[in-house]
Novice: 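Sending over a structure as C-alpha cells; questions will come in a sec.
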Amino acid sequence: MNLTQKLISAHLVKGEMTPGSEIAIKIDQTLTQDSTGTMAYLQFEATGVEKVKTERSVAYIDHNMLQASQLNADDHAYIQTVALSHGIYVSKPGNGICHQVHLERFGKPGKTLLGSDSHTPTGGGIGMLAIGAGGLDVALAMGGEPFYLIMPKVVKIELSGKLRNGVTAKDIILKVLSILGTAGGVGKVMEYTGPGVSTLSVPERATITNMGAELGATTSVFPADQRTEIFLKAQGRENDYVELKADDGASYDEEIKIDLGQLEPLAACPHSPGNVKPISELEGIKVDQICIGSCTNSSYLDLMQVAAVLKGKTINPNVSLTVSPGSRQVLTMLAENGALADIISSGARILECACGPCIGNGQSPKQDAVSLRTFNRNFYNRSGTPSANVYLVSPVTAAVSALTGVITTPLSTTIPEIVLPERFLINDNLILRPENFSNVEIVRGNNIKPFPKGEKLKEELSGKALIKLGDDITTDHIMPSNAALLAYRSNIPYLSDYCLSNCDKDFPKRAKENGGGFIIAGSNYGQGSSREHAALVPLYLKIKAVIAKSFARIHKDNLMNNGIIPLVFDNPADYDKLDEGDELLITQAIESVKNRSFVLLNKTKNIKIKLKLECGDRQIKMLIAGGSLNAVAESKK
Ligand code: MIC
Ligand code: SF4
C-alpha cells in the first residue's frame, strides 16, 4: 500500500477503497478557526452532543482579529465558552494561526484531522491524513460521526535532488501547481516520496502540504521519518512520533517527478495560484507592498531566512513591508535570538500572529498596487483592493525584493542555511484546556444569529437563472471576505447582501426579489476556501440548485450538506443554452435525486437539458431531507 491507503485503511469505517467510491473514515482530531467556527459551533450545539468524542479538538481564534467594533470580540467570547463547555481546547487570539500552532503543539503522525479550514492539509507535513471541510462536517465529526469522502486517487510526487540556494519549498508547490493547475488535484491525494523528501524539514513540508489546497486536492501527505522525529522532539513531543511510509513498490494512480536541483524561484501571478511564472520573467516589476506571513510561510525557518536577508539593510523607500509570524512560539523565539530586531530595523511593520492581510483583514494595498505576498491565494479582490495585482512568492524572494523595490531573484543573494533549534520555546499558556474549567456559561453576543436550515426537497423546483458565471469562481467571489464583512461571519442575513457581489453587485437583490432561483456556472465552481457561508448564504437566498460544468470538492459538499443540489451538465456544451433571466423548471425532483439524473426545462427557450448529480447514497438522503443535520436527525429517529 502507499501511505495514503495505509492511513485511510487504518481509519476506514465504511465503504471500499476503490477510487471514486464513497468511504467513511474515523476522525481523531478536529480544528476550527473563528471565521468558520461560530457557525460550526452553532451547528455542533444543534446536534445535542455534550462532550466531543474525538481524541483532541481545538478551537483557534486567529482570523477575525481587527476588532473594529464589538462584533469580533463577541464571536471570540462565544467560541471560547462554547468550546470549553464541550470539552474542546481553545487557542486564544495572539497564539497563532491554526495550522502552524496545530503542527507545533497537537498534530500527530498517523492520525486523521478534520478542520473547518481548507488549509488543514498542513498536517500532512508530519504524516497526518489532514482534510479541510465545511463547518457542518466538522461539527458532526466532533460528535463522533465519521467523515464521508470519495476515495481519492493517489498521485506519487517523487522528489529527487536538493534545492539550490534561493530556491525554497514554496517553489516546489508552485511547480506542482504549474503542472496540475487549480483543479488538477480534485479527487486526489498528493503523496510525496523519493530521496528528495529527506532533504526537507517539517516546516518546508508543511508549506507544500498547506498550499496543496490550491490544487483542489483532498489532501497532501509526507512520510513521517527522522526529520519528523527531530521536529516533534524539538516540540517536546517525541512520544507522538511513529514512523510512517509507503510499502516498497507501492502502486499509485499517477506519477510526477521533480528534481529539486533543477527548480528555480517561481511566482503565482494575478489572479490565480495556478498562474505560475519563473521570477526571471518578472524581474524588474516595481513593487508597492510586500507581506510576509500566512499559514503557508510564517514558520521559524521562513522568518529566520527573511531576517538574514534584511539584517543591517533598509527596505526600499517605496515599499511597505509587513511581517506576521505564524505563531507566538515563532515570534518569541525571533525576539529572543535578535532576528526580530533585524527585521524591525530594516523598516518592516510587525503584525500580530494571525491571518491578517491573507484574508483581506487590513493591509489592503493602494490602488493598482503590485503586492508580493508569501501567502497561498491571490484571488481577485482578496486583498481588499480590486485593482491590485498580487503575486505569490517565497519568503526569500519577498525579502530580497523588499530591499530593491522591484521583483528580484533571490538566486544572487547568499541565503544562510537555517538549522532548526534542538528545542523550540514551549509556552502553552494561551491554550485553554477544558479540564481546567467547569460550569462555563456560553456567552452569545447580539451578532450571533441562527443559521438557516434546509427544508425537505420539494417535487418541483422552479425559478430564474439568477446569474450566469464563468469558470473558476472562487468562494471569495461567492462570499467575499474583507475587514468590513468578516465581523459578520455569525450573521448570515447580513452577509446575504454581499453574495457574489464580486461578480455582480445586484445579485442579492435579484435573488431576494425573485424568491430564489438557480445559479449557473462554468468549471471548478467554488474553488478555494472551506467557508460554509458560501453555501449558507445561497441557502438563505433560497437558491435551489447550482448548475455548473464542475465543482470544487469542499464547496460541493457544503452545498449538499445544506440541501442545495450541485448539478453538472451531461454535455458541458449545454452551458451555452442557459442565460441569465431564463425561467427554469425541474419536475420530479425527488425521483431525479434518487436516479442522480435530471431533466431541466428551460421554459424561456423551450429546451430540455440533461443534468447529472455526482454523489453518494448518503448524500441522496441528505438532499431529500434538506441537509445533513436533518438527515442525521432522521436516521436517529
Ligand atoms: C481562507 O484562506 O480562505 C480561509 C479564510 O482561511 C478560509 C476559511 C474562511 O473562509 O473562513 C479557508 O481556507 O477555508
Ligand atoms: Fe489564515 Fe490565510 Fe491560512 Fe486562510 S490561508 S488560514 S486566511 S493564513
Side-chain angles (χ1 to χ4, degrees), residues 3-4 6-8 10-11 25-33 52 54-60 62 88-91 95-133 138 141-142 147 169 189-192 197 200-213 218-245 295-296 298-301 326-330 353 420 424 426 428 430-431 433 530:
L3 175 55
T4 308
K6 286 188 183 182
L7 291 168
I8 292 177
H11 291 88
I25 54 170
K26 176 180 172 291
I27 294 301
D28 303 321
Q29 300 191 342
T30 64
L31 70 78
T32 57
Q33 40 89 338
V52 281
T54 45
E55 291 173 17
R56 175 73 68 245
S57 286
V58 189
Y60 292 90
D62 56 355
I88 299 159
Y89 281 49
V90 175
S91 172
N95 202 41
I97 306 175
C98 53
H99 308 302
Q100 173 71 23
V101 178
H102 205 85
L103 195 76
E104 291 169 356
R105 307 304 306 139
F106 295 108
K108 292 184 186 181
K111 298 286 180 185
T112 51
L113 167 68
L114 194 72
S116 69
D117 190 282
S118 62
H119 291 102
T120 304
T122 313
I126 50 170
M128 300 190 86
L129 187 73
I131 302 178
V138 178
M142 288 191 284
F147 174 63
V189 171
M190 306 292 137
E191 182 172 320
Y192 290 84
V197 164
L200 301 172
S201 64
V202 163
E204 290 171 296
R205 297 174 186 185
T207 292
I208 296 169
T209 54
N210 171 287
M211 205 171 166
T218 305
T219 188
S220 303
V221 65
F222 272 85
D225 58 10
Q226 229 193 338
R227 302 292 296 252
T228 322
E229 188 175 12
I230 291 172
F231 176 82
L232 288 171
K233 198 164 173 209
Q235 293 287 354
R237 302 202 290 122
E238 51 273 44
N239 293 339
D240 291 342
Y241 173 70
V242 282
E243 190 190 5
L244 293 169
K245 57 177 186 200
C295 55
T296 315
S298 58
S299 66
Y300 174 84
L301 178 90
S327 69
R328 206 164 52 111
Q329 179 181 80
V330 172
C353 308
L420 286 188
F424 287 98
I426 297 160
D428 288 336
L430 278 186
I431 293 175
R433 292 162 191 267
S530 68

Novice: Rounded to the nearest 0.5 Å, how far apart are CE of Met142 and OG1 of Thr30?
Specialist: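 Spacing of CE (Met142) from OG1 (Thr30) equals 5.0 Å.
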Novice: Within the structure provided, determine whether His11 and Phe147 are in side-chain contact (heavy-atom separation under 4.5 Å).
Specialist: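 In short, these two side chains do not touch, never coming nearer than 4.5 Å.
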Novice: Side chain to side chain contact (heavy atoms under 4.5 Å, CB included) for Ile126 and Asp240? Distances and angles first, verdict last.
Specialist: CA-CA 11 Å; Ile126 50 170; Asp240 291 342; over 6 Å; no
Novice: Considering all heavy atoms of both residues, which atom of Ala234 and which atom of Ile426 are nearest to each other, and what is their separation?
Specialist: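 Distance-wise, the nearest heavy atoms are O-CD1, 4.1 Å.
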Novice: Might you work through the side chain to side chain contact (heavy atoms under 4.5 Å, CB included) test for Asn95 and Arg328, ending with a clear yes or no?
Specialist: CA-CA 5 Å; Asn95 202 41; Arg328 206 164 52 111; 3.2 Å; yes
Novice: Main chain of Cys98, side chain of Gln33: is a donor-acceptor contact present, judged purely on distance under 3.5 Å?
Specialist: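 Answer holds: no.
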Novice: For residues Ser530 and Asp117, is any side-chain donor paired with an opposing acceptor at under 3.5 Å?
Specialist: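 No, because no side-chain N or O of Ser530 sits under 3.5 Å from a partner of the opposite role on Asp117.
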Novice: Decide side chain to side chain contact (heavy atoms under 4.5 Å, CB included) for Gln235 and Arg105; before the verdict, give the C-alpha distance in whole Å, the side-chain angles of both, and the deciding distance to 0.1 Å.
Specialist: CA-CA 7 Å; Gln235 293 287 354; Arg105 307 304 306 139; 3.2 Å; yes
Novice: Shortest non-hydrogen contact from Thr219 to Ala130?
Specialist: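 So the minimum-distance heavy-atom pair works out to OG1-O, 2.6 Å.
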Novice: Answer yes if the side chains of Thr209 and Ser220 hold a donor-acceptor pair under 3.5 Å, and no otherwise.
Specialist: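 Per modelled atom types, Thr209 and Ser220 side chains form no pair under 3.5 Å.
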Novice: Under a 3.5 Å distance rule, please check whether Gln329 uses its side chain to pair with a backbone N or O of Phe424 as donor and acceptor.
Specialist: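 Checked: no pair found.
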Novice: Donor-acceptor pair, Arg205 side chain versus Val197 backbone, under 3.5 Å?
Specialist: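 Yes; judged by distance alone, with no hydrogens or angles, the pair exists.
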Novice: Val221 and Gly127: which non-hydrogen atoms are nearest, and at how many Å?
Specialist: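 Looking at all heavy atoms of both residues, the closest pair is CG2-CA, 4.0 Å.
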Novice: Output the distance between atom OG (Ser299) and atom NE2 (His99), rounded to the nearest 0.5 Å.
Specialist: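 Ser299 OG to His99 NE2: 14.5 Å, rounded to 0.5 Å.
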Novice: Is there side-chain contact between Leu129 and Ile25, with at least one heavy-atom pair below 4.5 Å?
Specialist: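 Of all side-chain heavy-atom pairs linking Ile25 with Leu129, at least one is under 4.5 Å.
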Novice: Please report the closest heavy-atom contact between Met128 and Lys108, naming both atoms and the distance.
Specialist: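 It is CG-O, 3.2 Å.
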Novice: Provide the closest heavy-atom pair for Thr112 versus Ile27 in the form atom of the first, atom of the second, distance.
Specialist: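 Result for this residue pair: OG1-CA, 3.2 Å.
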Novice: Does NZ in Lys6 sit with more than 12 non-hydrogen atoms of other residues, nucleotides or ligands closer than 6.0 Å?
Specialist: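 Yes, the 6.0 Å shell around NZ holds more than 12 heavy atoms from other groups.
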Novice: Which atoms form the tightest heavy-atom contact between Ser116 and Thr120, and what is the distance?
Specialist: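 Nearest heavy atoms, Ser116 then Thr120: N-OG1, 4.5 Å.
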Novice: Can you confirm whether Lys26 is buried at NZ, in the sense that more than 12 heavy atoms of other residues, nucleotides or ligands lie under 6.0 Å from that atom?
Specialist: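 Yes.
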Novice: Do Leu232 and Pro109 touch side chain to side chain, with heavy atoms closer than 4.5 Å?
Specialist: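 Yes; the side chains approach each other to less than 4.5 Å.
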Novice: Do the side chain of Arg56 and the main chain of Gly107 share a donor and acceptor less than 3.5 angstrom apart?
Specialist: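 Checking the backbone N and O of Gly107 against the side chain of Arg56, no donor-acceptor pair under 3.5 Å is found.
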Novice: Can we call the ring centroids of Tyr241 and Phe231 under 6.0 Å apart?
Specialist: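 Not under 6.0 Å, so no.
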Novice: Of the options Val202, Leu244, Leu200, which is the one that meets Phe222 in a side-chain contact (heavy atoms from CB on, under 4.5 Å)?
Specialist: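 Output: one option passes, namely Leu200.
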Novice: Just verifying a value: how many Å separate His119 NE2 and Leu31 CG, rounded to the nearest 0.5 Å?
Specialist: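 Taking NE2 in His119 and CG in Leu31, the distance rounds to 12.5 Å.
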Novice: Testing the 3.5 Å rule here: is there a donor-acceptor pair between the side chains of Asn210 and Thr207?
Specialist: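 Thr207 and Asn210 do not have a side-chain donor-acceptor pair below 3.5 Å.
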Novice: When rounded to the nearest 0.5 angstrom, what distance separates CD in Glu55 from CD in Gln29?
Specialist: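 The CD atom of Gln29 is 7.0 Å from CD of Glu55, to the nearest 0.5 Å.
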Novice: Working note: Met190 + Ile208, criterion side chain to side chain contact (heavy atoms under 4.5 Å, CB included); need CA distance, chi angles, decisive distance, verdict.
Specialist: CA-CA 10 Å; Met190 306 292 137; Ile208 296 169; over 6 Å; no
Novice: Starting at CG of Leu301, measure out to CD of Glu204 and round the result to the nearest 0.5 Å.
Specialist: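 Rounded to the nearest 0.5 Å, the CG-CD separation comes to 5.5 Å.
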Novice: Just checking, any donor-acceptor pair under 3.5 angstrom between side chains of Gln100 and Ser298?
Specialist: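 Side chains of Gln100 and Ser298: no pair found under 3.5 Å.
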Novice: Taking atom OG1 of Thr32 and atom CD1 of Ile88, what is their separation to the nearest 0.5 Å?
Specialist: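 The OG1 atom of Thr32 sits 7.0 Å away from the CD1 atom of Ile88.
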